[in-house]
K.L.:
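My structure is below; once you've seen it, I'll send some questions.
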Amino acid sequence: MAEAVIERALAHCSESFITATGPGGQNVNKVATAVQLRVSVYALRLSPEAFERFKTLAGSRMTSAGEIVLTARRFRTQEANRADARERLIALLREAMTLPEKRAKSRLNRVGKVQRLAGKKIRSSVKAGRGKVRLD
């Protein structure tokens with residue numbers, strides 16, 4: 001299932017190249033090496049649970065129109081930045097598709113419950129003794 005969504009995402013993504021900041025000297029001002037990757041979330045056809053997790057993980061990278069915008073400018077070449085943007089998209093999708101582990105309810109036996117309540121009573125008496133001293 002996850003592989004099909006990833007294939008669909010890579011098929012529907014559009015890339016545009018923009019000028020980047022950072023290392024590269026004067027070449028940075030002349031060559032558009034940064035990649036801006038855009039994918040419509042609705043084209044991915046995620047399950048409702050995965051969609052909610054994806055929306056949470058994407059945060060401000062998701063536009064109000066339902067597009068994910070990833071900007072990759074870590075490297076000096078377009079090819080490396082393209083690969084980086086695609087890897088980040090795939091990692092985001094994989095994380096959204098994995099289900100969180102169910103929390104196992106803790107089980108407490110009768111003896112443990114009695115000990116816990118006895119400890120609470122002791123703490124209560126200690127705290128009750130901290131009040132103002134009355135000279136009656």
K.L.:
Quick check: do Lys120 and Leu117 have side-chain heavy atoms less than 4.5 Å from each other?
P.N.:
yes
K.L.:
For Glu15 versus Leu37, what's the shortest heavy-atom pair and its separation?
P.N.:
CG-CD1, 3.5 Å
K.L.:
Looking only at non-hydrogen atoms, find the nearest pair between Ile122 and Ser125 and report the distance.
P.N.:
O-OG, 2.8 Å
K.L.:
Mind checking whether Ser16 and Arg38 have side chains closer than 4.5 Å, heavy atoms only?
P.N.:
no
K.L.:
Does some side-chain heavy atom of Met97 sit less than 4.5 Å from a side-chain heavy atom of Ser47?
P.N.:
no
K.L.:
Ala32 and Gln78: which non-hydrogen atoms are nearest, and at how many Å?
P.N.:
O-NE2, 2.7 Å
K.L.:
Should Val69 and Leu93 be regarded as members of a common hydrophobic cluster, given that ILVMFWY residues are connected when their side-chain heavy atoms come within less than 4.5 Å of each other, either directly or indirectly?
P.N.:
no
K.L.:
Considering only heavy atoms from C-beta outward, does the side chain of Phe54 approach that of Ile68 to under 4.5 Å?
P.N.:
yes
K.L.:
Can you find a heavy atom in the side chain of Val39 that is under 4.5 Å from one in the side chain of Glu67?
P.N.:
no
K.L.:
Is there a donor-acceptor pair under 3.5 Å between the side chain of Asn81 and the backbone N or O of Thr33?
P.N.:
yes
K.L.:
Taking atom CZ of Arg110 as the centre, report whether more than 12 heavy atoms of other residues, nucleotides or ligands fall under 6.0 Å from it.
P.N.:
no
K.L.:
Examine distances only and state if a side-chain atom of Glu95 and a backbone atom of Leu57 form a donor-acceptor pair shorter than 3.5 Å.
P.N.:
no
K.L.:
Give the minimum heavy-atom separation between Val35 and Arg82, together with the two atoms involved.
P.N.:
CG2-N, 3.6 Å
K.L.:
CD1/Ile18 to CD/Gln36 distance, rounded to the nearest 0.5 angstrom?
P.N.:
4.5 Å
K.L.:
Determine whether Arg8 and Glu3 satisfy the following criterion, side chain to side chain contact (heavy atoms under 4.5 Å, CB included), listing intermediate values before the conclusion.
P.N.:
CA-CA 9 Å; Arg8 200 174 306 124; Glu3 297 303 318; over 6 Å; no
K.L.:
Between Arg94 (side chain) and Leu89 (backbone), is there a donor-acceptor pair under 3.5 Å?
P.N.:
no
K.L.:
I need the minimum non-hydrogen distance between Leu70 and Arg61, along with the two atoms involved.
P.N.:
CD2-CD, 3.7 Å
K.L.:
Looking only at heavy atoms, which two atoms of Arg53 and Pro100 are closest? And how far apart?
P.N.:
NH1-CD, 3.9 Å
